[in-house]
Amino acid sequence: MDDQTRMLAGLAGLGGLSQGDVGDQDSVRKQLGQPQQDIGDILQQIMAITDESLDEAQARKHALNCHRMKPALFSVLCEIKEKTVLSIRGIQDEDPPDPQIMRLDNMLLAEGVSGPEKGGGSAAAAAAAAAAGGSPGADGGIEHSDYRAKLAQIRQIYHSELEKYEQACSEFTNHVMNLLREQSRTRPISPKEIERMVAIIHRKFSSIQMQLKQSTCEAVMILRSRFLDARRKRRNFNKQATEVLNEYFYSHLSNPYPSEEAKEELAKKCAITVSQVSNWFGNKRIRYKKNIGKFQEEANLYAVKTAVDAASVSAQASQANSPATPNSGGYPAPCYTPDGRL
DNA sequence: CTAGATGATTCTGC
DNA sequence: GCAGAATCATCTAG
């Protein structure tokens, strides 16, 4: 039995007919005794509403609302609705928060785009600046503020777009809700259905929002990578720092592995970080080993230097340890004479 | 502009 | 976690 027949049967039932009498629409019409206002006509009128002007439609709607058959039709619709809603239920279960959107939210929060205005942004910028390496000076500051400015720009665009979406979403939701409330006078619409419709709309808008979040994340990543690449924008250590490091290296050539304390001391002397000292020694060891010949001259130079220093120190305290390398094992020593000549 | 130098990063083995 | 090695990206002298 299709819906329309069921509806007619329902109406017939309401009109005091027995089920057995409901054979076809004609018999219903006959039994109702209203040939000029039969159900088919009413349905026809409902269908035609969409083709009419607003005023006509309003008038027609009013006429339908006042029609004596309206409550009966309404209850039949309710009955049909009940069935369909039952079949729909279960499909539309509450879905858990989208992990994708959660990931994007977390990232935007961490990058200081969606979080509180001051905290995250500058923190992220500071992190980027810190990652840029302990290169002290004006450049770090410029990069820092530049990064912050760019991030603020992204943040602003993100928020204005988000606001637009939210506004559009709430406007659209209101509009749909009003429409549904209005329609609920002519067809059965439960508050739950309205709720579900609102949820559907929100889902649609949140998928749009996800696109916004995604593109914002991409923008942040591009910005970030640009600034993280800047960490490779290195500065050579100044001459004095290189000298201090070389002095230590060549005077400890047998074991050019400064202890943690020695590294700290060197870092302080050279105004660089301990990890930079480690990098420097790492690079130096490998490059020295690879091409001892090339470093020979430099090695001799520093050997003389340390020898001279040692001499002046030993003049004051003859028992003091000479910084000159005894060179027992470890890296090959440069060949030099005690007076500094090759 | 280019080659070499140099600081930083990444990968691998211990 | 550290050191060695390879590699990257930039700096710098010519």
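Letters A, B, ... mirror the listed sequences (proteins, then strands); counts begin at 1.
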Send over the distance from A:Arg285 CZ to C:dG4 C1', rounded to a whole Å. 9 Å
Using OP1 and OP2 only, check whether a side-chain N or O of A:Lys290 sits under 4.0 Å from C:dG4. no
Test of understanding: with ring pair (Phe, Tyr, Trp, His ring centres under 6.0 Å), list the residues that count as partners of A:Tyr248, not counting sequence neighbours. A:His252, A:Phe281
Go nucleotide by nucleotide along DNA chain C from the 5' end; which of A:Asn283 and A:Glu260 gets its closest nucleotide reached first? A:Glu260
Suppose we screen for side-chain contact (heavy atoms from CB on, under 4.5 Å). Which residues come up paired with A:Glu161, at least two apart in sequence or across chains? A:Ile157, A:Lys164, A:Tyr165, A:Leu212
Atom CG of A:Leu245 to atom P of B:dG7: distance rounded to whole Å? 8 Å
Honestly curious: do A:Phe172 and A:Ile189 fall in one hydrophobic cluster under the side-chain, below-4.5 Å linking rule? yes
Roughly how many Å is it from OH in A:Tyr257 to P in C:dC2, rounded to a whole number? 14 Å
With sequence neighbours left out, what residues match A:Gln214 under side chain to side chain donor-acceptor pair (under 3.5 Å)? none
My understanding is that only residues two or more places apart in sequence, or in another chain, count here; which of them pass side chain to side chain donor-acceptor pair (under 3.5 Å) with A:Glu182? A:Lys61
Report the residues that fulfil side chain to side chain donor-acceptor pair (under 3.5 Å) with A:Ser184, sequence neighbours left out, ordered by chain and then residue number. none
Between C1' on C:dC2 and CG on A:Asn255, what's the gap in Å once rounded to a whole number? 14 Å
Measure from CG on A:Asn279 to C1' on C:dA9 and round the result to the nearest Å. 14 Å
Value in whole Å for how far the P atom of C:dA5 lies from CD1 of A:Ile286: 4 Å
Write out a two-atom table: protein N or O, nucleotide N or O from nucleotides 2-6 of chain B, distance below 3.5 Å.
unit_1, atom_1, unit_2, atom_2, d
B:dT6, O2, A:Arg234, NE, 2.8
B:dT6, O2, A:Arg234, NH2, 2.4

